[in-house]
Enquirer: 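Sending over a structure as structure tokens; questions will come in a sec.
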There are 2 protein chains.
Amino acid sequence: MEKETTIYDIAKELSISPTTVSRGLNNHPAVNKDTKQKIFEVATQMGYRSNTFASSLRKQRTNTIGVIVPLLNSNFQSSVMAGMEKIANEAGYNLIISQSLETVQKEITNAKTMFDNRVDGLLVSIAYDTENIDHFEPFFSKGIPLLFYDRVPEHKKCTSIVIDNTQAAYTATSHLIEQGCKNIVHISGNLKVNVYKERLKGFKYALMDNDIPIVDSSVIVTDLSEEAGIKAAKQIIQMDPMPDGVFVSNDYCAVSCIKTLKQAGISIPKDIAVVGFNNDPITRIIEPNLSSVNYPGYEMGEMAVRTLINYLDGASDVSITNTITLRSELVVRESTGKLKHTSLAIH
Amino acid sequence: MEKETTIYDIAKELSISPTTVSRGLNNHPAVNKDTKQKIFEVATQMGYRSNTFASSLRKQRTNTIGVIVPLLNSNFQSSVMAGMEKIANEAGYNLIISQSLETVQKEITNAKTMFDNRVDGLLVSIAYDTENIDHFEPFFSKGIPLLFYDRVPEHKKCTSIVIDNTQAAYTATSHLIEQGCKNIVHISGNLKVNVYKERLKGFKYALMDNDIPIVDSSVIVTDLSEEAGIKAAKQIIQMDPMPDGVFVSNDYCAVSCIKTLKQAGISIPKDIAVVGFNNDPITRIIEPNLSSVNYPGYEMGEMAVRTLINYLDGASDVSITNTITLRSELVVRESTGKLKHTSLAIH
DNA sequence: TTGTACGCGTTATCAC
DNA sequence: GTGATAACGCGTACAA
């Protein structure tokens, strides 16, 4: 491992001061054009690379954004990551990514690591069982911008990027009603999580606005896994009268539910119409294709990083903005088409 | 933004030297137990956090691993990331992730960024059009361990983590032949990419070993996209005689191919049996369920980081190992079941 | 077991 | 337009 070239080496080579070299490399306006030119030449020629730590140490800034995500391997989250990476990369920021694996415990550890690594800002989608945000307190008190997305805590301190889950669920449920469904079931996730709670709310509002009674059996709370879909389907089959519409808070669960229903000889959408949530690619693989709420993960990732960088550049203040709501829309496919439908959205 | 606590502040508070504080915090054996105890107490009490840069600057080590991946939002790659993150996190390493978006150009930029950020090691799955590895030269010459996974270059310098693509393709094709297929088509990806080239090789070997002639139309080269699957299906339908087996290098493409064939009234597997590659969750959603080669992405990610960290810890030398091959196996499902089959592998 | 003194490479500050 | 100097916070050789 040979020795690294530093600005001193370049300075010596050119018989100028390290200060000038530093300025030159950073394109400081008050440096002679020719000098600058020479500096760059010698730098590349000597294989110079700037030392990020030394710079960070001095500037108290890392050009690094931390991300804490529940699980990396889901279509939604990886789309978000992709969007984040794109914008961050373009803006010259690095992304340090960690997963909480859906546990507060790891989320706490990861938050600490991010803090110790002095990320310039942090983006978080909280874990399944996160109930308070004490572990992010250091970020608040140090004034490090913190942005939540998708799974966000209910706390006035927090700036969040979300979609209008209540509205989306309302639209999805209303769509089922428009298709003639009169007895609709909602398969929900953990109601401690904001997104599922809000979707349930939208579901209920839609029923209420259409004078459809809400009973206990109208809502099945699950973990939205594939197995949960199977279990819920079996439960639905047992119901008397059997529901004619199902709104599921997640596409994977909806798909396994549909599969189970089909195996039981139930026809989708004739007997039961189904709507999912997320607009995962699998919606177009299951037969019949699944109607779903399009959740713009990639755009959410882009927006999150863009917003964070705006804060960092001092263009705006975190504490001012409270919630950024992205647009989502229902994509209608065969699973709710009492008549033959085509997709309302181009995709 | 209040001032950060440093080891000097702790030292002053305890009237001892910064050296002792540093040693204490790093659990140096030659520090008095009581002193250590007190140091930790005061540290937490004063809200001390170690300064990573200062430390990195001093130690010439960042505890950071860089990852360059073609695209983040695929099931395979996000599984790999998940596995990587898990091991890295456990070992106290951070992961800086960037995507090349399938272009060499961005791969080159990203490699430079990783180099400038002085990652301790780098993990790379190369882009679609990467033809040489000159841009990784700085890593070689500086002795920074570099590991390729999945999409690896053909270069003796490179240490790689892969599966035996040739063998896997051979097994998949042989399986089709065992099911009675006599006229098999292979839908391949860009043949410049090692994985697709090798899978084609395995496909050909299997045909040869079974005295099945290989003709030009036996291989359809595509980009393995959803559209490519549709196009390939249409091509297959036109063939005379029509093939009775298809081996596709990617599940997504296989699925869209199956959908198109079904729409044309072709029965799977009766008329045409289909095998995919990757064992993506969608294999269990398409009807009939798709037989596929299980590609252990999560395990590959774990292995990659574990191997890299071994190098970093000096436990082994990069240049010694050349290729690490992970096990993969064929998962048989309905899409190739001339008879009723159950999955050979538990999943 | 503890302390002194210096260097890691960069940039901010001030001076010219 | 350029330079000298200090400081960022930590780790370590050397000394005690």
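Everything numeric in this text was worked out from a predicted model, so none of it was measured. Residue numbering restarts at 1 for every chain, and letters A, B, ... go by the order of the sequence lines.
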Enquirer: With sequence neighbours excluded, what pairs up with A:K157 under the side chain to side chain contact (heavy atoms under 4.5 Å, CB included) test?
Expert: A:E137, A:F140, A:H155
Enquirer: Sequence neighbours left out, what passes side chain to side chain contact (heavy atoms under 4.5 Å, CB included) with B:K112? Give chain and number order.
Expert: B:D116
Enquirer: One pair to check against salt bridge (charged side-chain N to carboxylate O under 4.0 Å, His left out): B:E102 and B:R151. What are the steps and the verdict?
Expert: CA-CA 11 Å; B:E102 295 286 15; B:R151 302 250 208 98; 2.9 Å; yes
Enquirer: For the residue pair A:F139 and A:F115, categorise the inter-ring angle as parallel (less than 30°), tilted (30 to 60°) or perpendicular (more than 60°).
Expert: perpendicular
Enquirer: For B:R49 and A:K142, work out which heavy atoms get closest and say how close.
Expert: NH2-CD, 3.9 Å
Enquirer: Quick check for you: to the nearest 0.5 Å, what is the distance between A:I87 atom CD1 and A:E90 atom CD?
Expert: 5.0 Å
Enquirer: Among residues 45-65 of chain A, which residues get a heavy atom nearer than 4.0 Å to DNA chain D?
Expert: A:L57, A:R58, A:Q60
Enquirer: Write down the atom of A:P18, the atom of A:A11, and the distance for their closest heavy-atom approach.
Expert: N-CB, 3.6 Å
Enquirer: So which pairs with a foot in residues 117-126 of chain B pass side chain to side chain donor-acceptor pair (under 3.5 Å), sequence neighbours left out?
Expert: A:E4-B:R118, A:N94-B:N117, B:T62-B:D120
Enquirer: Specify the residues of residues 111-118 of chain A, ordered by number, for which at least one heavy atom lies under 4.0 angstrom from an atom of DNA chain C.
Expert: none
Enquirer: Let me check the geometry of the helix from C:dT1-D:dA16 to C:dC16-D:dG1. What is the bend angle between the axes at its two ends, five pairs each, to 10°?
Expert: 30°
Enquirer: Can you sort out the partners of B:S78 under side chain to side chain contact (heavy atoms under 4.5 Å, CB included), two or more places apart, ordered by chain and number?
Expert: A:N73, A:S78
Enquirer: Under the rule for salt bridge (Lys or Arg N to Asp or Glu O under 4.0 Å), what residues qualify as partners of A:E41, not counting sequence neighbours?
Expert: none
Enquirer: For B:P153, check side chain to side chain contact (heavy atoms under 4.5 Å, CB included) against everything at least two apart and list the hits.
Expert: B:I126, B:I133, B:F148, B:C158
Enquirer: Is it the case that the side chain of B:T6 and the backbone of B:Y8 share a donor-acceptor pair, with hydrogens and angles ignored and the cut-off at 3.5 Å?
Expert: yes
Enquirer: Going 5' to 3' along DNA chain C, which are the first and last nucleotides with any atom under 4.0 Å from a heavy atom of chain B?
Expert: C:dT1 to C:dG9
Enquirer: For A:I324 and A:V162: C-alpha separation, side-chain torsions, deciding distance, then whether side-chain contact (heavy atoms from CB on, under 4.5 Å) applies.
Expert: CA-CA 6 Å; A:I324 296 171; A:V162 292; over 6 Å; no
Enquirer: Distances under 3.5 Å between protein N/O atoms and the N/O atoms of nucleotides 1-4 of chain D, please, pair by pair.
Expert:
residue	atom	partner	partner atom	Å
D:dT2	OP1	A:T35	OG1	3.2
D:dT2	OP2	A:N32	N	2.9
D:dG3	OP2	A:S17	N	3.0
D:dG3	OP2	A:S17	OG	3.2
D:dG3	OP2	A:T20	OG1	2.6
D:dG3	N7	A:R23	NH2	2.7
D:dG3	O6	A:R23	NH1	3.3
D:dG3	O6	A:R23	NH2	3.1
D:dA4	N7	A:T19	OG1	3.3
D:dA4	N6	A:T19	OG1	3.1

Enquirer: Test of understanding: with salt bridge (Lys or Arg N to Asp or Glu O under 4.0 Å), list the residues that count as partners of A:E107, not counting sequence neighbours.
Expert: none
Enquirer: NA contact type, A:S22, heavy-atom cut-off 4.0 Å: base, sugar-phosphate, or nothing?
Expert: base
Enquirer: Give, for atom CE of B:M84 and atom CD of B:Q77, the distance between the pair rounded to the nearest 0.5 Å.
Expert: 7.5 Å
